[in-house]
There are 2 protein chains.
Amino acid sequence: MANSTVSRSADKRRRLTAAAADVLHRQGVERTTIADIAAAADVPVGNVYYYFKTKDELVQAALAEHAAHLAELTGELDRHPDPLHRLKALVAAWVEQRDVAVRFGCPTGTLAAELDKRAEGGLDEEAGKVIGLLLGWVERQFRELGLPDPDGLALTLVAGYQGMSLLASALRDPDVMTREGARLTRWLDSLSQGGAS
Amino acid sequence: MANSTVSRSADKRRRLTAAAADVLHRQGVERTTIADIAAAADVPVGNVYYYFKTKDELVQAALAEHAAHLAELTGELDRHPDPLHRLKALVAAWVEQRDVAVRFGCPTGTLAAELDKRAEGGLDEEAGKVIGLLLGWVERQFRELGLPDPDGLALTLVAGYQGMSLLASALRDPDVMTREGARLTRWLDSLSQGGAS
DNA sequence: GTCTATACCCCGATAGAC
DNA sequence: GTCTATCGGGGTATAGAC
């Protein structure tokens with residue numbers, strides 16, 4: 001076909017993006033080389049630069065990939081009519097990913113933590129934006145529930161997720177995810193039952 | 001004096017350790033070079049290797065420094081007779097450090113997140129142990145208060161700290177620290193007043 | 001104990017053949 | 001569009017003079 005070349009190109013770019021998201025999450029930005037990503041994507045090393053001019057562009061592509069994954073997840077959750085159910089399903093999804101979290105932490109969170117130490121490049125703000133997307137979605141759920149201070153509640157829920165991911169990874173203990181996940185679920189229930197704090 | 005040389009040596013080692021703790025926190029492990037630490041400690045680059053054989057030994061020294069800082073802080077807090085007061089003072093200390101947290105995150109937490117992605121070397125476990133020290137101290141306070149599931153409560157408090165530090169840094173917003181700090185304080189109060197969850 | 005010079009390796013990025 | 005060879009820079013670690 002006329003555009004078979006185009007689609008192969010798009011395919012390689014997609015493979016590189018997916019590999020970047022995966023490898024950067026597992027190894028961190030600084031310890032990951034272009035060669036690592038190329039190997040994971042099964043693309044010759046030198047060819048990477050045809051698709052991404054710099055390593056930072058690969059990092060940005062990985063961030064966009066994480067944002068896309070997040071959009072996909074929240075899109076599915078949005079099918080549920082009840083916002084409280086959506087939030088509890090989100091927590092359940094986090095706990096389900098506990099084996100990944102225990103080994104490498106939250107993909108977006110650890111990436112943000114690493115990039116935030118940079119002053120230049122503006123990639124740090126990019127990472128903050130992805131977390132902002134999650135915060136925004138969570139806040140909308142709390143608002144739909146008619147709860148006061150929806151963005152404060154969103155902050156608490158997402159901070160809870162980031163905190164439990166970091167501790168689970170630092171202690172190498174998946175139970176941290178299940179225990180804190182259960183607590184967050186109980187907390188969500190208590191909120192809509194008019195419980196304090 | 002006979003041991004003036006010795007004390008100068010000890011001084012240099014101490015300066016290098018302090019510089020390592022500071023610079024590794026601000027730049028992260030991988031982006032920090034031996035030269036960076038040497039410059040911060042005002043020690044000639046090549047001389048570093050007389051005190052620390054490898055870069056990893058400097059990282060380990062930094063972790064020990066963070067553990068010492070933690071011991072100093074909890075030591076001061078232990079003077080208060082009331083465990084609840086101690087915990088609230090701990091939260092207050094975290095919030096006081098918000099400007100550092102907003103820029104570079106929690107020193108131990110971000111270090112742990114970075115080291116946890118390594119499989120080799122065992123430095124990852126070392127970072128987990130430092131966080132374990134904090135968890136242990138917090139748990140003891142809850143136990144003194146006679147609350148059920150003291151180590152679950154400790155997990156929640158420390159996860160809250162790690163989560164709010166990460167979000168504050170990712171969003172570049174110190175208010176995250178004050179808002180979540182206030183919430184944790186309210187939560188602590190509600191616990192000893194027999195509140196649920 | 002102190003410090004300089006440098007060996008050695010690895011990585012990001014480019015040049016240029018195909 | 002694809003791939004190899006390589007340049008240039010920078011980082012860890014060491015050798016060895018002082």
Side-chain angles (χ1 to χ4, degrees), chain A residues 1-17 19-21 23-24 26-63 111 114-115 117-123, chain B residues 1-20 23-24 26-63 111 114-115 117-123:
Chain A
M1 314 311 178
N3 55 358
S4 75
T5 305
V6 171
S7 51
R8 258 208 304 275
S9 290
D11 183 51
K12 275 200 181 178
R13 172 173 265 273
R14 227 178 297 124
R15 265 155 51 205
L16 281 168
T17 304
V23 179
L24 289 174
R26 289 189 342 243
Q27 304 193 344
V29 176
E30 302 300 331
R31 283 181 80 86
T32 297
T33 70
I34 308 272
D36 290 337
I37 297 174
D42 199 31
V43 167
V45 209
N47 198 2
V48 172
Y49 286 92
Y50 177 76
Y51 298 95
F52 300 93
K53 276 184 270 293
T54 65
K55 186 182 178 181
D56 276 7
E57 279 189 20
L58 273 166
V59 177
Q60 191 153 18
L63 279 168
L111 206 47
E114 197 176 355
L115 295 173
K117 307 210 168 193
R118 297 194 194 177
E120 12 66 54
L123 263 182
Chain B
M1 313 310 182
N3 56 358
S4 75
T5 303
V6 171
S7 51
R8 257 208 304 275
S9 289
D11 183 53
K12 275 199 181 180
R13 172 174 267 273
R14 228 178 296 123
R15 265 155 50 207
L16 281 168
T17 305
V23 179
L24 289 173
R26 288 190 342 243
Q27 304 192 342
V29 176
E30 300 301 331
R31 284 181 79 88
T32 297
T33 69
I34 307 272
D36 290 338
I37 297 173
D42 200 31
V43 167
V45 210
N47 198 3
V48 171
Y49 287 91
Y50 178 77
Y51 297 95
F52 300 93
K53 275 185 271 293
T54 65
K55 186 182 177 180
D56 275 8
E57 280 190 17
L58 273 166
V59 177
Q60 192 153 16
L63 278 168
L111 206 47
E114 198 177 353
L115 294 174
K117 308 209 168 193
R118 298 193 192 178
E120 13 66 54
L123 263 181

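So that the names make sense, note that chain A is the first sequence line, chain B the second, and so on, each numbered from 1.
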Could you give the CG-to-C1' distance, from B:Leu16 to C:dT2, as a whole number of Å?
13 Å

Specify the separation, in whole Å, of atom OH of A:Tyr50 and atom P of C:dT14.
16 Å

Rounded to the nearest angstrom, tell me the gap between atom CD in B:Glu57 and atom C1' in D:dT12.
14 Å

Between A:Lys53 and A:Asp36, the residue closer to the 5' end of DNA chain C by nearest nucleotide is A:Asp36

Please tabulate, one pair per line, each protein N/O and nucleotide N/O from nucleotides 15-18 of chain D that are separated by under 3.5 Å, including the distance.
none

How long is the straight-line distance from CD1 of A:Ile34 back to OG1 of A:Thr54, given to the nearest 0.5 Å?
7.5 Å

Taking 4.0 angstrom as the limit, do A:Asp56 and A:Arg118 come out as a salt bridge?
yes

Identify the two heavy atoms, one from A:Leu16 and one from A:Leu58, that lie closest to each other, and give their separation to 0.1 Å.
O-CD2, 4.4 Å

Can you see which heavy atom on A:Asn47 is nearest to which on A:Lys12, and at what distance?
ND2-NZ, 3.3 Å

In short, B:Asp36 meets B:Arg31 closest at the heavy-atom pair OD2-O, 3.8 Å

Side-chain donor or acceptor of A:Glu114 paired with backbone N/O of A:Gly28 under 3.5 Å
no

A:Ala38 and A:Val45: which non-hydrogen atoms are nearest, and at how many Å?
CB-CA, 3.9 Å

Distance check needed: D:dA13 P versus B:Tyr49 OH, whole Å only.
4 Å

Counting primed atoms, P, OP1 and OP2 as sugar-phosphate and everything else as base, the B/S/- map of nucleotides 6-11 of chain D against protein heavy atoms under 4.0 Å is -----S

Check whether any side-chain heavy atom of A:Leu123 sits under 4.5 Å from a side-chain heavy atom of A:Val29, and report yes or no.
no

Spacing of OH belonging to B:Tyr51 relative to CZ belonging to B:Arg14, to within rounding of 0.5 Å:
11.0 Å

Measuring to OP1 and OP2 of C:dT2, would you say a side-chain N or O of B:Tyr51 lies under 4.0 angstrom away?
yes

Tell me: CZ of A:Phe52 to C1' of C:dT14, nearest whole Å?
18 Å

Value in whole Å for how far the C1' atom of C:dT2 lies from CG of B:Asp11:
15 Å

Starting at atom CG of A:Asn47, determine the distance to atom C1' of C:dG12, rounded to an integer number of angstrom.
16 Å

With the side chain defined as heavy atoms from C-beta on, B:Lys12 is closest, among C:dG12, C:dT2, D:dT14, to C:dT2

A:Ile37 CD1 to C:dG12 C1', straight-line distance once rounded to whole Å
12 Å

